[in-house]
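This is a predicted model, so every value here is computed, not measured. Side chains are part of it too, since the values below use all heavy atoms of this structure and drop only hydrogens, waters and symmetry mates.
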Amino acid sequence: MTLTTAVLHALQAVDSDWELIPIDDRKRPVDPDTGRPRDDWAGNTYDVEGITAIATSVHVKAVGLVLGPQSGGVLAVDFDGQEATPPFRNIYGRGPKDLPRPVGRASGRPARAQLAFRVPRELWSLLRGRRRWLGPDDKTVLELRWVGHQSVIAGAHPDTAGYTWLPGRSRADLSVAEAPDWLLEPLYKAPDE
């Protein structure tokens with residue numbers, strides 16, 4: 001199976017400054033010609049036209065978004081199940097519904113979503129690449145991803161029918177909201193970093 005027409009159509013709504021990468025069926029960046037996992041994925045990006053051109057590769061099952069300045073300052077907030085809400089409340093003293101209306105994707109798994117926010121340019125260099133919080137079973141339940149990371153936004157998911165825009169929303173109808181200052185606090189680097 002290759003990228004479907006529906007997936008390629010959904011990508012037409014992404015922001016023009018987003019850098020995209022081909023992804024395999026295990027959510028890993030992949031070389032579209034060989035199918036081998038790609039460690040140098042951040043240096044081998046595509047725009048929507050480029051992804052469309054490689055969409056027939058049997059190795060490309062999904063599309064990832066390169067996070068951070070490379071894609072205009074996009075930050076991903078990943079909620080992995082009901083267990084994500086308690087740490088969110090503990091960290092921020094508020095609930096996820098206090099976030100601005102997000103652009104986001106869901107995999108179809110219950111209570112899981114990935115939200116995208118823009119980070120103001122003047123803060124880019126102040127943020128570390130990632131923070132994550134573990135649930136009771138020591139698996140990541142909440143994650144903030146920035147530089148050096150990617151997030152799958154379209155195509156196949158290993159356990160579901162694939163990624164979709166959050167229910168009731170069309171990516172074409174929304175712009176990526178600016179990240180509130182309070183959301184970024186856990187990502188600020190220490191003075192010696």
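No donor-acceptor pair closer than 3.5 Å links the side chain of N44 to the backbone N or O of W41. Remark: the backbone N or O of P29 is not paired with any side-chain donor or acceptor of Q150 at under 3.5 angstrom. Side-chain atoms of D40 never come within 3.5 Å of backbone atoms of G43 as a donor-acceptor pair (strictly under, hydrogens ignored). Y188 contributes no side-chain N or O that, together with a main-chain N or O of L126, makes up a donor-acceptor pair within less than 3.5 Å. In this structure, the side chain of K61 engages the main chain of V58 through a donor-acceptor pair within 3.5 Å. Remark: the backbone N or O of K27 is paired with a side-chain donor or acceptor of D24 at under 3.5 angstrom. The backbone N or O of R132 sits nowhere less than 3.5 Å from a side-chain atom of T140 that would complete a donor-acceptor pair.
Open room surrounds CZ on R26; 12 or fewer heavy atoms of other groups in view lie less than 6.0 Å from it. The environment of CD in E122 is crowded: more than 12 heavy-atom neighbours from other residues, nucleotides or ligands sit within 6.0 Å. Within a 6.0 Å radius of CG in D181, no more than 12 heavy atoms belonging to other residues, nucleotides or ligands are found.
Note that R128 lies outside the cation-pi zone of W146, set by a 6.0 Å cut-off to the ring centre and a 45° limit from the axis.
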Item to complete: Mind running side chain to side chain contact (heavy atoms under 4.5 Å, CB included) on H59 and R36 for me, showing each step along the way?
Response: CA-CA 8 Å; H59 306 295; R36 289 190 191 104; over 6 Å; no
Practice prompt. Given side chain to side chain contact (heavy atoms under 4.5 Å, CB included), test L20 with T45 step by step and report yes or no.
Written response: CA-CA 5 Å; L20 307 172; T45 62; over 6 Å; no
Item to complete: Verify side chain to side chain contact (heavy atoms under 4.5 Å, CB included) between W18 and I153, making sure each step is shown before the conclusion.
Response: CA-CA 11 Å; W18 285 9; I153 60 168; 4.2 Å; yes
Discussion item. Run the side chain to side chain contact (heavy atoms under 4.5 Å, CB included) test on L184 and L123 for me, step by step, so that the C-alpha distance in whole Å, both residues' side-chain angles and the decisive distance to 0.1 Å come before the verdict.
Written reply: CA-CA 9 Å; L184 301 175; L123 302 178; 3.7 Å; yes
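Using cut-offs of 30° and 60° for the angle between ring planes, the W182 and F88 rings count as perpendicular.
Under the 4.5 Å side-chain criterion, counting only non-hydrogen atoms from C-beta, E178 is not in contact with P100. When side chains are defined from C-beta on, F79 counts as touching L115, because their heavy atoms get closer than 4.5 Å. Counting heavy atoms from C-beta on, the side chains of V119 and L127 come closer than 4.5 Å. The shortest distance between side-chain heavy atoms of I21 and V66 falls below 4.5 Å. In this structure the side chain of V147 never reaches within 4.5 angstrom of the side chain of L67, judged on heavy atoms. Counting heavy atoms from C-beta outward, S16 and D47 have side chains that stay 4.5 Å or more apart. V176 has its side chain within reach of R118: a pair of non-hydrogen atoms, C-beta onward, lies under 4.5 Å apart. By the 4.5 Å heavy-atom criterion applied to side chains, P186 and R131 are counted as neighbours.
Residues A76 and Q114 approach most closely at CB-OE1, 4.1 Å, considering heavy atoms.
The same ILVMFWY cluster, assembled from side-chain heavy atoms under 4.5 Å apart, contains both F117 and W124. Linking Ile, Leu, Val, Met, Phe, Trp and Tyr whenever their side-chain heavy atoms come within less than 4.5 Å leaves I51 and V30 in two separate clusters.
Side chains of S71 and E19: a donor-acceptor N/O pair is absent below 3.5 angstrom, by distance only.
With salt bridges taken as basic N to acidic carboxylate O contacts below 4.0 Å, one links D80 and R112.
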